[in-house]
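Because the structure is predicted, anything quoted here is derived from the model rather than measured. Note on naming: letters A, B, ... go to the chains in the order of the sequence lines (proteins, then strands), and numbering restarts at 1 for each one.
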There are 4 protein chains.
Amino acid sequence: MEQLSKSEIKRNALIKATICLVINNGFHAAPMSKIAKMANVSPGTIYLYFENKQDLINKVYLEIKASFAKHAFKNYDPSMEVREGFENIWKQIADFKLVQVEEALFLSQCDNTPMIDEESKKEGIKHLQPLIDLWKRGQEEGIIKECCHYVLYAYTVYPLAFLMNAKQNKEININKKYIQDAYLLAWDSIKQSK
Amino acid sequence: MEQLSKSEIKRNALIKATICLVINNGFHAAPMSKIAKMANVSPGTIYLYFENKQDLINKVYLEIKASFAKHAFKNYDPSMEVREGFENIWKQIADFKLVQVEEALFLSQCDNTPMIDEESKKEGIKHLQPLIDLWKRGQEEGIIKECCHYVLYAYTVYPLAFLMNAKQNKEININKKYIQDAYLLAWDSIKQSK
Amino acid sequence: MEQLSKSEIKRNALIKATICLVINNGFHAAPMSKIAKMANVSPGTIYLYFENKQDLINKVYLEIKASFAKHAFKNYDPSMEVREGFENIWKQIADFKLVQVEEALFLSQCDNTPMIDEESKKEGIKHLQPLIDLWKRGQEEGIIKECCHYVLYAYTVYPLAFLMNAKQNKEININKKYIQDAYLLAWDSIKQSK
Amino acid sequence: MEQLSKSEIKRNALIKATICLVINNGFHAAPMSKIAKMANVSPGTIYLYFENKQDLINKVYLEIKASFAKHAFKNYDPSMEVREGFENIWKQIADFKLVQVEEALFLSQCDNTPMIDEESKKEGIKHLQPLIDLWKRGQEEGIIKECCHYVLYAYTVYPLAFLMNAKQNKEININKKYIQDAYLLAWDSIKQSK
DNA sequence: CATGAATGAGCTTTCATTCAT
DNA sequence: CATGAATGAAAGCTCATTCAT
């Protein structure tokens, strides 16, 4: 297990606090002073780790995106068949959103809001390259519909954000079967019908 | 054409300004003073039409939702067949999101953010009842998958928000064929496979 | 009974509303808009009767002072003996403070606060001349202590404001005997002891 | 002499500024910005020491009340005889009102106005307990009239506020003899006549 | 590295006053 | 006379950021 320095502990606490406050109150009600307090740190200390509030938010976003991608492709191997690979990745993504709830909610807010720099958003998208490559392969093999990857993403990964929000609001309850059902919709939407 | 009173004109200008500033800068960077300026109105005047900032945001949200629903079901008739009815509604929704871009972006921000009161959100959801009824009918007829309507919504309507965001960022270009393709994914995802 | 014109009715309603709001909330929480609403009048209308808020407050003060003086000397006759005259005036003043509670509370606030123009305050004091004359006579006759009338006022009339405040706060209950007791303290304090 | 920390100096400056502005302009014309400026402090700084304007006013009131009581009973000893004790306390109170003019004027405004929380007012009254105890003793010994202590206060301490206001407005001039005369009125009013 | 008191620009909101009707 | 929508200056208060310690 990796040993965290005091600095890293503080930095992580700040990130955790930022996520927590933003998802519960929104960016506009997540002042630096509260973030500091929740992280058991002085307001001034934040500025030792981040340039300013915007930088803090951007960094949190990028680190979650990285962690998200890591999780998504943990079990994936480019040698897998397209359908198998897709299911593998999709279920890892679903798992991330169900386990790392707060992080996922944070991403959802960032992705539908102008709170993140355009540049950081672009940076964040890069992490998904393996999935895009997989889709390209699937299209070449005639297995996946000939749509741009924005459409493919919109109909497979993006819906999970909606379900996660609904779960958070106690409107639905998600179990294994639910996930499997949702997976089938995702696959049915993008697979090439004969 | 309906005649608008001076009051209505001002109120509409305020709503328009709110939408514009929120979608471009986010809630946290849409101060009342800017909203007033953009609506060519004094800051104090806002408070003749809305109780406070939260009330303003809630009201804007609810009015857009209502207008959204009106557009969605404009051509729909419950006597239509399920597939036809669904295509009809879905394409009207897509149309709304492409034509009323700002309104749609505003809704997207509201729905993924804690900036709207829980109560107002609940109120806003009611408008979709005809679509939910249609799905129920489709499920009874064995045409649509047996998923809860949250899933159906997540895979048919919600993806449009993602595409609309991408279009706004000039990442994709949406034309008639694009819409038709997207529609097919939506339908394929929820239709009962034989 | 005198017939009031519509104008006089409105003006009176405004004065009544001003008194009511100021004594309950204080000058700082008695906005013109509330005064107007309570008087069933438009905010703009206030400015037909009074120059501005300061003028309104000054006028209310002066009118209450005049009404106060009228009441105080209603039964007084300069031909009365000093002690009898004093008791007569003092009890009328006490009566005013107990019956015209709101007006009395308003005066108390004005007299201990810089909310009234210096000029209006001076104007208001003039009304008490008969009492001062009585005191002077009492001093010449050796019945009343040789103090300036500020002291005499401070120990006879001013204490009533304190008792009235206490009564208003339900800290004490004032009946006939209470008044008689208080009168005795007033008289004992200023009467020349042999 | 006690050493004040920087914080205490600032806090005191704020209290001093509040008193000064309120007694000269009234609560309604003592904005936080002016208070800050007069205390040589930034507006935001006030909120490091006080929750809000109401809290500031309440705290100022309570601290003056405490200082007032300390002064009033500085030389008093419960073993004193009733008359001696009363004179002692009364003269200390008079001294406070003549020396700590601003503080006394502030109290006078607070006590005749709804600008202080009911709770803080109650808190402030407690400080006078020794005087009330003294009166009770005096009544048991048949030296002081059998009135409730509100009446006793109204005729002994409360009149000083009136005289102090008059002095402030240059209407009277107060010297030692004046105080002695006033004291006699106070005592004559409450002492039991044989 | 870390603190946290202090800042002051800027926020939301109020309110005395005006003026077209 | 009377209205009340509209104003905009100014109120109370917040918060990202700095800097002496």
Quiz item: How far, in whole Å, is E/dC1 from F/dT21 if one measures between their P atoms?
Solution: 23 Å
Quiz item: Counting any heavy atom closer than 4.0 Å, what does C/K6 reach on the DNA or RNA strands: base, sugar-phosphate only, or nothing?
Solution: nothing
Quiz item: Reading DNA chain E 5' to 3', how would its secondary structure be written in dot-bracket notation, given Watson-Crick and G-U pairs with both distances under 3.5 Å, brackets [ ] for crossing pairs and | for partners on other strands?
Solution: .||||||||||||||||||||
Practice problem: Calculate the interatomic distance between A/I57 atom CD1 and F/dT17 atom C1'; express it in whole Å. | Solution: 16 Å
Quiz item: Starting at CG of A/N40 and ending at P of E/dA2, how long is that distance when rounded to a whole Å?
Solution: 14 Å
Quiz prompt | B/V41 side chain, from C-beta outward: closest of E/dG8, F/dG4, F/dT7 | solution = F/dT7
Practice problem: Using a heavy-atom cut-off of under 4.0 Å over every strand shown, decide if D/Y49 touches base, sugar-phosphate, or nothing. | Solution: sugar-phosphate
Practice problem: Report the C-alpha separation of C/E103 and C/K16 in whole Å, then their side-chain angles, then the decisive distance to 0.1 Å, and conclude whether the salt bridge (charged side-chain N to carboxylate O under 4.0 Å, His left out) test is met. | Solution: CA-CA 9 Å; C/E103 283 79 359; C/K16 204 80 190 154; 3.2 Å; yes
Practice problem: Look at the side-chain N and O atoms of D/K10 and state whether any lies under 4.0 Å from the OP1 or OP2 oxygen of E/dA6. | Solution: yes
Quiz item: Which heavy-atom pair separates A/M32 from A/N52 by the least distance, and what is that distance?
Solution: CE-C, 4.2 Å
Practice problem: Select one nucleotide: of E/dA2, F/dA2, E/dA5, the one nearest the side-chain heavy atoms of C/S7. | Solution: F/dA2
Practice problem: Applying side-chain contact (heavy atoms from CB on, under 4.5 Å) between A/F106 and each of A/V22, A/I15, A/V101, report the one that passes. | Solution: A/V22
Exercise. Identify the two heavy atoms, one from D/A161 and one from D/S108, that lie closest to each other, and give their separation to 0.1 Å.
Key: CB-OG, 4.3 Å
Quiz item: Any idea which heavy atoms bring B/Q54 and B/I116 closest together, and the distance?
Solution: NE2-CA, 4.1 Å
Practice problem: Answer with base, sugar-phosphate or nothing: what part of the nucleic acid does C/P43 contact at a heavy-atom distance below 4.0 Å? | Solution: base
Self-check item: Residue pair A/L105 / A/Q109, side-chain heavy-atom distance below 4.5 Å
Solution: no
Quiz item: Side chain of D/Y47: nearest nucleotide among E/dT17, F/dG12, E/dA2?
Solution: F/dG12
Quiz item: How close or far is atom P of E/dA16 from atom CZ of C/F50, stated in whole angstroms?
Solution: 15 Å
Exercise. Select one nucleotide: of E/dT7, E/dT3, F/dA2, the one nearest the side-chain heavy atoms of C/L48.
Key: F/dA2
Quiz item: E/dT3 phosphate, OP1 or OP2: any side-chain N/O from A/T45 under 4.0 angstrom?
Solution: yes
Self-check item: Nearest-angstrom distance from the residue atom CG of D/L56 to C1' of F/dA11
Solution: 15 Å
Quiz item: Between C/K121 and C/D117, is there a salt bridge with N-O shorter than 4.0 Å?
Solution: no
Exercise. Return the value, rounded to whole Å, for the distance between atom NZ of A/K34 and atom P of F/dA16.
Key: 10 Å
Quiz prompt | F/dG12 OP1/OP2 closer than 4.0 Å to side-chain N/O of D/S33 | solution = no
Quiz prompt | Distance, rounded to the nearest Å, where C/L21 contributes CG and E/dC15 contributes P | solution = 11 Å
Quiz item: How about D/D111 and D/Y61: does a side-chain donor come under 3.5 Å of a side-chain acceptor?
Solution: yes
Practice problem: Send over the distance from B/M32 CE to E/dA9 P, rounded to a whole Å. | Solution: 23 Å
Quiz item: Which of these nucleotides, F/dT3, E/dA2, E/dT12, is closest to any side-chain atom of B/P31?
Solution: E/dT12
Self-check item: Length of the line joining A/Q54:CD and F/dC15:C1', which is rounded to integer Å
Solution: 16 Å
Quiz item: What nucleotide among E/dT3, E/dA16, E/dT13 has an atom nearest to a side-chain atom of B/K53?
Solution: E/dT13
